[in-house]
Amino acid sequence: MKQNSQTKSARGEACSLRLDKCQGRSPTVVLAHKNNGGMGTKAQDDKGNEIGFYACHYCHTCYDTGHPYYTKAFMEDLVDQFAIPETREKLKKKLLWKE
């Protein structure tokens, strides 16, 4: 899979979801895409920006498959209210977000 600059930007970043067993800043951090695009589809805004957030392996897995006690709705709220805005600000500083 070819990575674009937004996807590559996750290298060296800290997880922005921060669930209970978050791995923080680790080599496993990737740009996790918001769940609504369907399998193999990346959610994008109207300017072509990928809608996602920096997530470690643990947080990404929980977001995609579920968590023992956090509900899916709770995790969606965390992603929408905190993880995506934090990641978007980092992308803007790296000049990787189109306004």
Side-chain angles (χ1 to χ4, degrees):
M1 180 173 128
K2 185 176 178 180
Q3 293 185 339
N4 66 26
S5 57
Q6 288 181 341
T7 304
K8 289 178 185 177
S9 74
R11 290 186 198 135
E13 289 291 343
C15 180
S16 58
L17 187 50
R18 298 183 195 97
L19 297 178
D20 60 332
K21 297 179 185 175
C22 179
Q23 297 165 342
R25 187 180 309 273
S26 79
T28 68
V29 173
V30 296
L31 181 70
H33 294 92
K34 181 154 171 62
N35 289 343
N36 69 355
M39 187 69 139
T41 306
K42 296 176 181 170
Q44 294 185 333
D45 69 6
D46 59 354
K47 297 193 183 345
N49 295 303
E50 291 183 19
I51 302 174
F53 55 96
Y54 295 143
C56 68
H57 181 265
Y58 176 79
C59 292
H60 191 188
T61 300
C62 289
Y63 179 68
D64 284 346
T65 63
H67 189 277
Y69 51 88
Y70 294 146
T71 65
K72 187 68 177 165
F74 176 75
M75 285 192 290
E76 281 295 333
D77 284 345
L78 288 177
V79 165
D80 291 340
Q81 293 177 29
F82 302 104
I84 288 175
E86 178 182 312
T87 301
R88 186 172 295 156
E89 286 306 310
K90 289 179 180 181
L91 289 170
K92 285 178 184 177
K93 287 179 183 175
K94 295 178 181 187
L95 304 176
L96 297 175
W97 188 265
K98 302 173 206 122
E99 288 292 335

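As a basis for the values below, the full set of heavy atoms in this structure was taken, side chains included, without hydrogen atoms, waters or symmetry mates.
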Would you name the heavy atoms of [X] and [Y] that are closest together and state the gap between them?
X	Y	result
A55	C15	CA-SG, 3.6 Å
V29	E13	CG2-O, 3.4 Å
G24	C56	O-CB, 4.3 Å

Exercise. Quick one: does Y63's side chain get under 4.5 Å of K72's, heavy atoms only?
Worked result: yes

Look up atom [atom1] in [X] and atom [atom2] in [Y], then write down how far apart they are to the nearest 0.5 Å.
X	Y	atom1	atom2	answer
L95	S9	CG	OG	12.0 Å
T61	L19	OG1	CG	10.5 Å
T87	L96	OG1	CG	12.0 Å
T71	E76	OG1	CD	10.0 Å
H33	T7	NE2	OG1	4.5 Å
L17	C62	CG	SG	8.5 Å

Exercise. Would you say V30 and I84 are hydrophobically clustered, going by side-chain heavy atoms of ILVMFWY under 4.5 Å?
Worked result: no

Exercise. Under the criterion side-chain contact (heavy atoms from CB on, under 4.5 Å), which of D20, D77, L78 is the partner of Y70?
Worked result: D20

Exercise. Once the angle between the rings of Y69 and H67 is folded into 0 to 90°, is it parallel (under 30°), tilted (30 to 60°) or perpendicular (over 60°)?
Worked result: perpendicular

For this session: Run the salt-bridge test on E86 and K90 with the 4.0 Å N-O cut-off and return the result as yes or no.
Result: yes

Problem set entry | Steps toward side chain to side chain contact (heavy atoms under 4.5 Å, CB included) verdict (W97, E89) | CA-CA 9 Å; W97 188 265; E89 286 306 310; over 6 Å; no

Exercise. Given the side-chain rings of H60 and Y58, with only the six-membered ring counted for Trp, is the space between their centroids under 6.0 Å?
Worked result: no

Exercise. Passes side chain to side chain contact (heavy atoms under 4.5 Å, CB included), L91 versus Y54? Steps please.
Worked result: CA-CA 10 Å; L91 289 170; Y54 295 143; 3.5 Å; yes

